[in-house]
Amino acid sequence: MSLDLAIFVISALVAVFGATMMIFQRNPVASVLYLILSLVGQAVLYVQLGAAFVGAVLIIVYSGAILVLFLFVIMMLNLRSSADLGEPSPPVSRFVKYFVSCLIFLELSFIIRESLGAGSTTSAGIVTMADDSFGSVESVATLLFTRYLYPFELTSVLLLSAIVGAVIIARRATEDELPPQPEKAVGPISQKTNEGQE
Amino acid sequence: MVPISAYLIVGVALFAIGTVGVLISRNLIVLLMSVELMLNSANLCLIAFSRSQNIMDGHAFVFLVLTIAAAEAAVGLAMVITLYRNRETINIDRFNLLKW
């Protein structure tokens, strides 16, 4: 009982600490690593909430795939100087931004407190689960392939379009550049397009 | 047991931190990561509500949100690469052509 609380407090602190450190790091690689730390804390919270499979997927897909993609891009861009990364904004505008975020936090926690406080006797505490199937791979898969079959299938279309879009966007425009060059030596026009592309 | 509102408060706190990150970071990659953090905080709230109501639909939604986050990261990072190739920087203060 108190072990539950201790696990919750520790993992929540880890999640919030990692997120806070992430946004204040100057070095993007350190930022990614702190985000991974935050995700580990969140995954522990997921497991505590009975969503063991989703927590595992969070670690595998997020830390294993998406954040490695971030690291790969950072490595490829080879960012070093502060001119690449940008200077912090002036203190006055930063204060306004902190203030706005604090307002969002207070507003959302107020909503949570009010809405959960109304039915506090029934829904404020976690329902103790009797069945073991809650959050298991089998029950998640059953849900995804029965009730949410169409959204799940549409997800594959979304991923396909994202793949094609990413390839098209990140592609070097060499094939668009090349045709004007061998065509004829018009001179200024083709050179200008080359400079524009690079 | 830990009350459900504690998990929701953690989710809201992570969302607020993500908002701070989106607002103050001048680095496009950190900005994208802050957006990922905000999506994850929504996931945490979905899982918490799913547990408190004893309905598993939240888990399915978390899967869909994870997929969207992956797609967003892929397209966003492709755009970062293209921007860096064209402008030699990822400082978002430099991308102000459409700024009023």
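Just so it is clear, the model here is predicted, and its values are computed rather than measured. Residue numbering restarts at 1 for every chain, and letters A, B, ... go by the order of the sequence lines.
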Can you tell which part of [X] gets under 4.5 Å to a heavy atom of chain B, answering side chain, backbone, both or neither?
X      : result
A:L45  : both
A:S161 : neither
A:F72  : neither
A:L39  : side chain
A:F8   : side chain
A:V32  : both
A:L69  : both
A:L35  : side chain

Exercise. Atom CG of B:D93 and atom CG of B:N27: how far apart are they, to the nearest 0.5 Å?
Worked result: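 Taking CG in B:D93 and CG in B:N27, the distance rounds to 11.0 Å.
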
Exercise. Can you tell me how far the OH atom of A:Y62 sits from the CZ atom of A:F70, to the nearest 0.5 Å?
Worked result: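 Reported value, rounded in 0.5 Å steps: 8.0 Å.
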
Exercise. Is the backbone of A:N27 close enough, under 3.5 Å, to the side chain of A:S31 for a donor and an acceptor to pair up by distance?
Worked result: no

Exercise. Donor-acceptor pair, B:R51 side chain versus A:L49 backbone, under 3.5 Å?
Worked result: yes

Between [X] and chain A, with a heavy-atom cut-off of 4.5 Å, which part of the residue counts as in contact: side chain, backbone, both or neither?
X     : value
B:E36 : both
B:V12 : both
B:L14 : side chain
B:T67 : both

For this session: Mark yes when over 12 heavy atoms from residues, nucleotides or ligands other than A:Y98 sit less than 6.0 Å from its OH; otherwise mark no.
Result: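 Yes, because the 6.0 Å sphere around OH of A:Y98 holds more than 12 heavy atoms from other groups.
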
Exercise. Is the count of non-hydrogen atoms from other residues, nucleotides or ligands lying under 6.0 Å from B:F95 atom CZ greater than 12?
Worked result: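 Counting other residues, nucleotides and ligands, CZ of B:F95 exceeds 12 neighbours.
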
Give the cluster check for [X] versus [Y]: same hydrophobic cluster or not, with ILVMFWY residues linked at side-chain heavy-atom distances below 4.5 Å.
X     : Y     : value
A:F17 : A:Y46 : yes
B:L8  : A:L13 : yes
A:V47 : A:I36 : no

For this session: Would you check if there is a donor-acceptor pair between the side chains of A:E138 and A:T142 at a distance under 3.5 Å?
Result: no

Looking at [options], which has the largest count of heavy-atom pairs under 4.5 Å with chain A?
options                    : value
B:T82, B:L83, B:N40, B:L64 : B:N40
B:V22, B:N43, B:L31        : B:N43
B:V75, B:V10, B:I81, B:L44 : B:L44

[options]: which one forms the most heavy-atom pairs within less than 4.5 Å of chain B?
options              : answer
A:A19, A:C102, A:A12 : A:A19
A:V16, A:I168, A:V61 : A:V16
A:M76, A:R147, A:Q25 : A:R147

For this session: Could you pull out the closest heavy-atom pair between A:A170 and B:A78, with the gap in Å?
Result: CB-CB, 3.8 Å

